[in-house]
Each structure stands twice: as structure tokens, then as C-alpha cells.
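Everything on this sheet refers to the single structure shown next.
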Amino acid sequence: MSLPIPGVWDPDGYLLPRRPRIIVVLDEHDGPHAAAHLRRIGGIDAGRVVVRPTPAVASLPAFALDVLAALEKNPVALQRKTRTGWRHARAWLAAARPTDLVIDRAHLLPYALLLAAAHAAAENDATLWLIWAGATDPHPAIAALKAAGHETDTRHISELPHDLPAVPRHQPRAAPKPTAARPMLPAADFPLFLAHARRRLTDDAFKRLATRYGTATFHTQQWLTSTPAQAGLVPGGALDPVALIRWLREQQIGPQRSGYEALITLRATQAVLARVGILLAWDRSGLGPLPENRLPSILTSPLVRALGTLPRTEDALATALALHLEQDGGCFVCWNLADVETSTLTLHPPAEHRHVQPKTERIATLPSQERTDAAARLEIPCRHPVTLPTDTDRILRAHLARRRMDGAGPGDPLFPALGRLSPATTVAQAIRRGTRHVGCDPWWLDRERVRARRPGPRLITSSWMTERALSLEPIPHPKQAR
Amino acid sequence: MPAHFLGLTGAATLGTRHFHLTGRIIDDLVAHKAVGVVHGPAGTGKTFAVDFHLERLRERDAKIAACSLAFPSEPTMLRVAAELVRALTGSAPPNSRSRFQLINTLIGLLAGPRRLVVVDEAQRLNGACIEMIRHLHDHPQTSFALLYVGGDGCWEVLSREPMLKSRVFRRLPFQPVPSEQIPQLIRGYHPIYAEAHDALLLDVDDSYAHGTLRDWAVFTHTAADLCREAGRTTLDKEAVSNAYMLLGGGA
Amino acid sequence: MSPARKHGRGESERSARRSPADRGMVAERMFASPISRFQLAGLLGVHIDDLADANLARLPVHVLIDLAGQTDLHPADLVPDLEPLLALRRLPRADAEQPDPNTRHDAHVILAALTVTRGPLSPGALAEALDWTLERLHAALDLIAAEPDLPAPLTLHRTPRGGYFLAARADLINQEQRERLNTTADLDAFDFPPRFITLLAAAIAHGRTERYAAFKTEHLLAHNELTGLHLLLPVPGEPDQVDVHPDVIYSLTGYQTEDRIAQPPHLALAEHLRY
């Protein structure tokens, strides 16, 4: 079997021909040192992917499972060999951006799998290391690789520590010093929060709170005074609520790591926004005993890592988006590949929309005397830029790579339809698989629960704001005295 | 304590040098999560020694889980994997499990508490089985000690696989007990030998047991019954002769 | 209808075997709890008509904890599958400590305080009335929650006609605390609507001028309510002027001042609101 020399995608989307560097590492004694060294060369974070093929692996779909396992996919999620498994493996490999792809026990692999590994290394401009143990003659394999256009070097196993050095063992982050439990924060609304905190917290606790409160105040003021385009100011001085919501979700409140931090940030933000005539209201009554814990984004770093163990790229990305926006994926069908800006992890609004229009889509601008319609709080995510958290970059890159491997172009959907299913159903199923995988059970994915909470025609029933019981209202301008 | 052959009662555990070394080897393997081989002709006491020291290990340190598996005939790699799952979990894996799933299930199981896996009759394993076990042992996520136990030809078979030979940390070949050691050793084995003549014991060894502890167990079982029936407490020529007849005529 | 379908996805056999009488008792206790049926339905994620048959085994743990706490129900009454698990022994706690004796005393003070209040009080209001930090208050509340059999600090009294009644021990709370317990406005659960913010801003900027009278007339309900909450303070001799409580000024502007003389921060607030 021969494969054309693959290429590497350059930033402009052109395929550049590449020849991989292939190194056959000879270990005639088949000793334990190779395995021991491979344990020390690090993993994906160090740019190294070490594949340990299942003994007697013979087919590409089976080998794909081994590569996916090397890319930290949970083997439990890799239920069976599939036709598309190798493509998923290549996509995740592309997202990992390895400098070195190591195949252990390469002498046991059929030539077809060695060629596939060479192809995958070439795609990523990575060096391919074939650990060749025992007395098996490597020359036939080398000849097969050469016939496919690959040149190889050979090394002895004793040179491996020099050629592929070990990386320092990652020191686990030191456990935080045990401190007193975080103080309870005042439950008062923002017009009284800071005063109650000053009076009802210990001095140390208030100092810590005041620092965080001051930082949040500064960031809010900075955002308000930033360029009009960023602040979403429209002619007439009205504030675009969508830009504000986006900022709250992606920069100000969403990324906070705890309810404690989020509540202080929220109160500071509310106080500053009130000064420009915006009430960021928070109705805590239905959020349970610790409502502040509902404020930070549910797409935490551990959850992103868990999503990264999914083998199917569409499951990982659709679920990340759904949890980031706290919506089912009805609007995700609108995005095309061209709408994705990889460098900033931003999905821009498409030129045309394909989602089912909800009955009310009117979003009032602020400030105005007109109370914002309840449905206006429900975001239509494809209508404005959406920026994912930075640690989702690998997931996004993997899915884009997968789509390119499918032959998709800039004008093709980010989430295509699968088989006879509609795009919307395909996305919905991907999110269901993803949420199940990470143990999430958002109510808005379950039709029965949606019907129970929001009876009536099915609209976009949730959003990042509604899930936090946050809303934006204009503060009426008092009439001047006559 | 493991049972003596055929439930022989009154017999003591013979503290041969190999017996004690087996305990040392097991401790070393567990401490270093290494690979070891205990091998030798049938009946030389390998299995008894290993079982005895496994029990001691379990009693001494409940945190170390030890499991043993053996195969009646030449197993396939998947059979070995399935039996290992059964030994580790107590139940067989679903039939639908693919090789990938089975191996990764084992990786997950062997990543847990400290373990010693003992593979008995290891001479029945082929290269694919040994490679599979190597894959598990070398995997960065697993952490277990491995002991191969085998009979005739075991080491010859295992040492043909460079990947195994190069990984063996401890090896103990069992051999029949040399005849000069028999009288002193056997006298402590069972009460019927305590007062027996050296010559008689050497004769039994020469004619029947040939330094093999299992054969001594068989002989002792028979001779002890005969002595008891005859109301004797010590082995004598008559008992020996009668035992020979029951055991197929002696030498 | 098959049992699986009838009892909903995910319900175990143990739950399904509960008798209608058992289910009824649990439902009754749920309905008798302080939270409304709508809140309960929201908490459980079901239609209000389906409350009695809600599949509680699907609830997130934090909701189950909240529900058990609100209804004083044993968790295994809510989810029978928990029964065998709750009998498991806990691991010994390395940091098990006896509560501070002061905390125990504080717990008694809170119990005494809650017997003299007219209604439920939020932690913030309790802290204000007792003049404690929130940390101290919550330590005592946690102890009360952990020891439901904590003896209540009550004394038995007789009326002149021979009747009996219970009253809080007089030695645990002083007169000042007693007055604050009954007069301090409980602002913890109070969410300021937009019109209140408007009036507060107007009061900050113009409360001590003649212009405030017009604002007051325009927003009389808000004025009265804010006055009732002691957030707008009457100015002696000036019925149409007000001061704003320093807590509000500080919280909205970050500036501390007891002096109502116009300071830049007040004008700045007015400027921001584009008056």
C-alpha cells in the first residue's frame, strides 16, 4: 500500500508537501530500558505522543484506537472500531501539535500501520520514532517506507535518551496552605453590599474582599470607557446588551473560579453599571441555598479536560459550546468553517442563518424606558461573536482539522448533518453524548423538563443569563423638576 | 497455610533453601514491581512454596492484592486476558469485549492497588501471551509485580522471548533435593521419620522419591497410614515394603 | 404501561416498590415545608402537578440536600436507594474537633434571639442585630444544624392565672439586641428595583435641596418604602429633604462619609446618571 506524501495546512489553508523525519530505533536485546525511557519523555503537553499498540493489532481502525488512547481519550469511550476512527485520531493528533510521534513495539506492526503512522507524522511535521525491538530485521519495513517515499534514519536504543531527552517531571502544584474557610459574604443587594461587608466581616476578610471588589470595579469602568465599538455603544448612546452579556460571560463573571469570587465581582459590576443607568439584576430566590455558586461558568477547566477525552470531535466541541452558552445547540447549525477565528477562539456571526427562528427575537437596546422583553434575555448565539475559554483551543483545533479532513471548505458547516439526520438533530445528539460523558445533566437538554419549566411553544429556553437569573434593565431617568 | 498433597496431616513444612528463597523473591518482586520466574521439575515444591509465601504476604500486608492464574492447555492471548480479568475482578468479562477494550480494562485494573500476579504453568504460554503480559507490565499506568511459575522446560520456553528474559529481575530454579540432604531434611517432615534410620530414608529416596518432595508426600501419605494401621510410630522396613507395593512397586 | 415507563427513566426497583402510602407521606411533608409548591417544582424540575410523583433519584446531589433540609426528611425517604448506603461507616476524620465553647454559647444566643423576633430573620439581619461578624454567626448556625437536639435556652414562666409559657432566657440577649432584633430591617433578601435606584441617586444628588420635593412626589411609593427601610433618613425640620444612609453612599460609590455636605462623589454619581 502506498499513500501520497501528505501535506501540512498553512495558515492560509494551502496544503504544503512535507516529508517526515523517520527514525528507526534498534533495540536488539528488547530490554526494559526503552519502555522506562518512554515513560520519562512526557506527553502531549511536552509535544510528544507515545503510542503503545495493543498486542497483535492488525488493522487501521484498531490502530486508531491505540492512537486515540495515546492522545488521552478515555478507552471506555472508545467502544468499537469505526470507519472514521483513523480520521478522528488524525484530527486529535493535529490538535495536539506534536513534535514527536513515538510508536513503541513498531517491529510488531504490519507495514500498512507503519505507513499510516508516517502519514500522520508528516501531516503534523512531527518526527516519527519507531522503536524496533528484538531480532526482527527492520530492513523490509525500511524498504516499504522508502517505497512509499519516506526516508529513514536508524539509531541505537542507547542513543535514545540523547535524541529524545526526558522532560523534567511535572511538579504537582503545591497544595494550598490550609486557610480558614472563606467567610460568608453579605447577602445584601449591591446598594448595601460593600457597607455590610465592611461591618460584618473581620478586617482580614474585608481586605481580601475589597481588593477583589476594587479589581472588578476597575475592569467594569475600563470596559465601559473602552472604544465605542467594543462597548457596543450605538448612535444615541444606547448600550448594546448583547455586548454586555458577552463581556459578563467571557471576561467578568463567567471565568471566576468560585461563587465567592463571582459574587464579589457581580456586586462591584452592578454598582458601576448602575452609575451608567443599567441595572444588572440578580434574582437569587430560585437558585438554591448557595446562589453565588451558580454564577461562574459551568465550563470549568476540569470539564474541558474531560471533554478532551471524547474521541469524536463534534461531541467535544458542541458540548463545550452548549455548556459555555448554556443552551442546546439549535443555533450551532448556522456556523461555517469560515466563521471560526482560531487565534481568538471566536465564532463570528455567519452571513446566513439556518436555525429555526424563535417566536420572539427582539432585543431592546439600553437604556430606554421600555422594559426589556423577557425573551430578549435569551441569547441567539449565532447573531454575535462567541469566544470560547482559552483551554478549549485543542478541542476547537481538533474539530476544524477533522472537518478539513472530511474535505470541508470555508463555506461548509462547522457541524454537518450525519447520515439522514438533520444538522440540528446531529448537534443535539453530539451534545447528549458529550454531557453524558462528563456527567452533566443540564435540564435544558431534556425535552420533558423543558416542557415542565417552560410550557408553550419551544423557544430557546435557556441562556447563560437566565441560568444565573441575571437580567438587564434600564434604570429610569427621573423626570426633572419643573 | 497451603494444604499438603492429598491433605496429608501431621506433615511439617520443609524449610529448604529454595523454600526460603521463594519468600525472599516474592518480597523483592513486590517491592520493585518486577518480574520473576520460579521454575523446576514437577514435584520439587515450587507451587507449595509460592502458595505458602503468597498467604504469608496476604496476612502480613492486606494492602497487597495477590492473584494467581493457571491454564490447563495452551491458551490464546485473549484467553489469558480474560482469565486475568476474572482473577482480578472475580467475574468474567463480557464476551463482546474487543481485544482493545479487554487490554485497557486490564490496564485500568492493574493501575490500582499494589498487586502481585502469579502465572502458574507458565511454560504453556506462547509468545503472543508473553507479549501481552509484557505490554501490561511495561504500561506507564500499571503497577504490579509479576511471577511466572512453571515446570519442566519453563525457563527454556520463557527465555526464548528476549522481551521476557531481559526483564527478569529474580529467577529461582527448583531442583530435587540432593540425596545427602535427605535424611536430615525428611526426619523433620513427619513424625514417622523422626526415629527412622538414615539408610531407610535414603532407600526410599533412591527407590521412589528421587529428591522430589511431592513423591515424598505421596510416600508419606501411604506409609503413615500403614504405620497407623500397624500401631507403629516409626517407619520400618516392613512399612516401606508395603508402601512400595501400594505405590506400584518402588524404583 | 410498563413499570419502567410508569415510574420514569432511571427509577430503581427499590423506589418503584414504594407503596402509594409511603409516597403520599413524603409528598405531604414536602408540601408542608416552608417553600412554595412553585418553588418546589422549580427545585425538582417538574410540572407542579407532577410533584408527588417526581423522580427524586435524578436530582443533583445539592438539590437533594436542599430538599431534605427544607423538609426535614431523611434522605432515604426521598430516595430509597440511599438506605443501605447511609448505613455505611464514615471514614475517621483526621481533623475532627470539638466545637469552640464560645460557639456553643453563641448558638444558645441565636436560639434565644429567634424566639423573640417577629418572624424569620436572614443571617445578615441577625448579624446586624447581634453586632456579630458573619463568620461568628455562621459558626453558631452550623453548630445548631449539626446538633438538632441542642437544648433550647428557654425558661418556663407562669402567668398570674396559673398558665405556663416559654420565654427566652433573659441573660442571653441584652435589651439593645432585643430592640434591634425587632426593629432592624431585614435587607438581605431585598432586591432593589430600578425605580429605587433612581430615587436613591436623586436623593444622593439633591436630597438636601428643594429639587428633591419633585422627585419625592414623582416616586412617592419608592420614597416611602426606602424611608421605611431607613435607607432614606428624614432631615429634622425639613420635611421635603432627606439624607441617604451612609451604607448606600459607600456601597454605590466606595466613598465613606457621614457628612452630608456635597462632596465630589455625590455629584459624580449624579453626573454618571446624566442628570
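Just so you know, these numbers use all the heavy atoms, side chains as well, and skip hydrogens, waters and symmetry mates. Quick caveat: nothing in here was measured; it's all calculated off a predicted structure. Chain identifiers are assigned alphabetically (A, B, ...) following the order of the sequence lines, protein sequences preceding nucleic acid strands; residue numbering begins at 1 within each chain.
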Heavy-atom distances under 4.5 Å only: say whether C:L137 touches chain A with side chain, backbone, both or neither.
neither
Where on C:F190 is there a heavy atom nearer than 4.5 Å to chain A: the side chain, the backbone, both, or neither?
backbone
Looking at A:Q221, I want to see if its CD is surrounded by more than 12 non-hydrogen atoms of other residues, nucleotides or ligands under 6.0 Å.
yes
If one checks every heavy atom of A:F193 against chain C at 4.5 Å, the contacting part turns out to be backbone
Side chains of C:Y250 and A:H196: donor-acceptor distance under 3.5 Å anywhere?
no
Is a side-chain donor or acceptor of A:R257 paired with a backbone partner of A:A262 at a separation under 3.5 angstrom?
no
I'd like to know whether C:D247 forms a salt bridge (charged side-chain N to carboxylate O under 4.0 Å, His left out) with A:R199, so could you lay out the CA-CA distance, the side-chain angles of the two residues, the decisive distance to 0.1 Å, and finally the verdict.
CA-CA 10 Å; C:D247 278 359; A:R199 203 158 48 242; 2.8 Å; yes
Where on C:D186 is there a heavy atom nearer than 4.5 Å to chain A: the side chain, the backbone, both, or neither?
neither
Decide whether A:T220 and A:Q252 meet the rule of one side-chain donor and one side-chain acceptor closer than 3.5 Å.
yes
Chain A heavy atoms under 4.5 Å from C:E128: which part of the residue, side chain, backbone, both or neither?
both
So what's closer than 4.5 Å to chain C heavy atoms on A:R267: side chain, backbone, both or neither?
neither
Interface check, chain A: of C:V248, C:L134, C:T133, most non-hydrogen pairs under 4.5 Å belong to C:L134
Would A:E292 and A:W282 count as having a side-chain donor-acceptor pair, cut-off 3.5 Å?
no
Would you mind checking which part of C:P193 comes under 4.5 Å of any heavy atom in chain A, side chain (CB onward), backbone (N, CA, C, O), both or neither?
backbone
Would A:D204 and A:T202 count as having a side-chain donor-acceptor pair, cut-off 3.5 Å?
no
Heavy atoms only, distances under 4.5 angstrom: which of C:D191, C:T217, C:I65, C:L231 has the most pairs with chain A? Name it, please.
C:D191
Given that the side chain runs from C-beta out, which part of A:L194 has a heavy atom under 4.5 Å from chain C: side chain, backbone, both or neither?
both
